[in-house]
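Worksheet for the structure shown next.
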Amino acid sequence: MVSPAIVVVTGPKESGKSTFCRELARAGVEAGLDVAGIVTTKEGPPARVTAGPAAPWGGPAAGRLVVTNLRTGRQSLLGAWTGTRWAMEEAGLAAGREALAAAVPCDLLIIDEIGRLELDHGRGWPEAFKLLAQGGFGQAVVTVREGYDGALLQALVQAQALTQAAPPSVAPQPQVVRVPRSPAAWQGLLQAVLARGAAPSEVVGL
């Protein structure tokens with residue numbers, strides 16, 4: 001498999017998108033890559049890939065969304081389940097925006113996840129589209145909820161048209177894949193992403 005500059009990983013709820021991103025981040029750090037971006041989890045603070053400050057709300061708890069800055073290890077409370085919906089925390093959204101603003105240049109960029117908040121409401125992390133369009137990374141992985149991959153690709157095309165960071169011939173090109181379900185497919189995609197991230201000559205944009 002020859003990995004493209006951007007891999008869009010899609011799948012339904014609880015299908016393993018964030019788990020794949022956490023494993024990819026760990027593997028990238030172990031391989032000596034500069035890993036940046038964000039990962040969101042619903043099970044409380046995930047294992048850090050780098051040293052960072054302690055979570056301020058006291059540890060894992062079900063019914064909470066946590067966003068992790070993959071470069072610093074900093075974790076922030078992103079939202080809490082009210083029983084009927086997710087109540088988002090502005091401080092957590094700001095922490096994610098801060099992480100993305102400082103993410104490039106890097107070897108491996110991970111954005112987990114883009115969804116209705118960004119694509120339907122223009123909230124959350126809409127600056128992720130410009131970041132992906134500009135490049136400045138060896139490889140990017142972005143997760144999106146099932147059924148929203150078409151809207152994400154359209155947003156990326158629009159962002160690429162608005163940025164002058166890279167001409168169309170070298171602009172990052174996305175490929176959509178479903179979240180790997182078998183161990184072999186999981187490892188195959190992980191290794192392909194790491195190989196592209198490890199090739200500085202492939203960095204585009206900026």
Side-chain angles (χ1 to χ4, degrees), residues 6-22 24-25 35-46 55-57 60-104 106 108-134 136-137 140-163 172 174-179:
I6 301 173
V7 174
V8 178
V9 180
T10 187
K13 294 180 180 179
E14 312 301 333
S15 61
K17 298 186 296 295
S18 294
T19 300
F20 176 77
C21 287
R22 292 198 301 270
L24 176 62
V35 180
I38 53 175
V39 169
T40 304
T41 180
K42 293 176 183 165
E43 282 76 31
W57 59 92
R64 299 189 182 203
L65 282 176
V66 176
V67 59
T68 299
N69 182 325
L70 292 174
R71 179 171 277 152
T72 67
R74 180 183 177 185
Q75 298 172 322
S76 303
L77 182 62
L78 182 59
W81 182 249
T82 66
T84 57
R85 65 181 182 86
W86 288 104
M88 308 305 292
E89 294 282 340
E90 184 54 42
L93 292 171
R97 290 192 290 268
E98 179 182 344
L100 292 177
V104 296
C106 64
L108 175 59
L109 173 65
I110 299 174
I111 303 176
D112 174 54
E113 72 176 357
I114 298 297
R116 286 178 291 185
L117 200 61
E118 292 79 15
L119 295 166
D120 287 346
H121 305 293
R123 296 184 60 225
W125 302 305
E127 59 275 359
F129 307 131
K130 182 179 179 181
L131 182 64
L132 290 166
Q134 287 179 323
F137 46 80
V141 172
V142 55
T143 65
V144 64
R145 185 71 57 81
E146 187 175 48
Y148 278 81
D149 50 298
L152 173 60
L153 293 178
Q154 183 177 3
L156 285 176
V157 169
Q158 292 172 347
Q160 287 176 339
L162 292 174
T163 181
Q175 177 184 351
V176 179
V177 298
R178 291 191 62 81
V179 62

Quick check: does any side chain N or O of [X] sit under 3.5 Å from a backbone N or O of [Y], one acting as donor and the other as acceptor?
X      : Y      : value
Thr72  : Arg74  : yes
Glu118 : Gly115 : yes
Lys17  : Asp112 : no
Arg71  : Ala103 : yes

Would you compute the distance between atom [atom1] of [X] and atom [atom2] of [Y] and round it to the nearest 0.5 angstrom?
X      : Y      : atom1 : atom2 : answer
Glu89  : Ser76  : CD    : OG    : 10.5 Å
Leu152 : Leu156 : CG    : CG    : 4.5 Å
Leu109 : Leu132 : CG    : CG    : 6.0 Å
Thr143 : Ile38  : OG1   : CD1   : 8.5 Å

With a 4.5 Å cut-off on side-chain heavy atoms, are [Y] and [X] touching?
X      : Y      : result
Leu77  : Leu65  : no
Glu113 : Thr40  : no
Leu117 : Leu93  : yes
Val177 : Val7   : yes
Val142 : Ile6   : yes
Phe137 : Leu131 : no
Thr41  : Arg22  : yes
Leu108 : Ile110 : yes

Checklist entry - Thr10: what forms a side chain to side chain donor-acceptor pair (under 3.5 Å) with it, not counting sequence neighbours? => result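 Once residues adjacent in sequence are excluded, Thr10 has no partner under the side chain to side chain donor-acceptor pair (under 3.5 Å) criterion.
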
Next on the checklist: Checking Phe129 now: which residues fulfil ring-ring contact (aromatic ring centres under 6.0 Å, His included) with it, not counting sequence neighbours?
Outcome noted: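 ring-ring contact (aromatic ring centres under 6.0 Å, His included) list for Phe129, sorted by chain: empty.
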
Item to check | Step-by-step side chain to side chain contact (heavy atoms under 4.5 Å, CB included) determination, Lys13 to Arg145 | outcome: CA-CA 7 Å; Lys13 294 180 180 179; Arg145 185 71 57 81; 3.1 Å; yes

Next on the checklist: Filter on salt bridge (charged side-chain N to carboxylate O under 4.0 Å, His left out), then keep only pairs touching residues 124-133, sequence neighbours left out; what's left?
Outcome noted: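 Every pair satisfying salt bridge (charged side-chain N to carboxylate O under 4.0 Å, His left out) with a residue in residues 124-133: there are none.
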
Item to check | Val39/Ile111 under side chain to side chain contact (heavy atoms under 4.5 Å, CB included): CA gap, chis, key distance, verdict | outcome: CA-CA 6 Å; Val39 169; Ile111 303 176; over 6 Å; no

Item to check | Residues which pass salt bridge (charged side-chain N to carboxylate O under 4.0 Å, His left out) with Arg97, listed by chain and number, not counting sequence neighbours | outcome: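 Arg97 satisfies salt bridge (charged side-chain N to carboxylate O under 4.0 Å, His left out) with Glu90 once adjacent residues are dropped.
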
Next on the checklist: Just to verify, what does Glu146 make a salt bridge (charged side-chain N to carboxylate O under 4.0 Å, His left out) with, not counting sequence neighbours?
Outcome noted: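 Applying salt bridge (charged side-chain N to carboxylate O under 4.0 Å, His left out) to Glu146 gives Arg178.
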
For a quick test of reading the model, state the closest non-hydrogen atom pair linking [X] to [Y] and the distance between them.
X      : Y      : answer
Leu78  : Gly92  : CD1-C, 3.6 Å
Thr82  : Ala87  : CG2-CB, 3.8 Å
Ser15  : Pro12  : OG-O, 2.7 Å
Val141 : Cys21  : CG1-SG, 4.4 Å
Val8   : Pro174 : CG2-CB, 4.2 Å

Next on the checklist: Applying ring-ring contact (aromatic ring centres under 6.0 Å, His included) as the test, list every pair that has at least one member in residues 66-91; sequence neighbours left out.
Outcome noted: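 Those involving residues 66-91 are Trp81-Trp86.
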
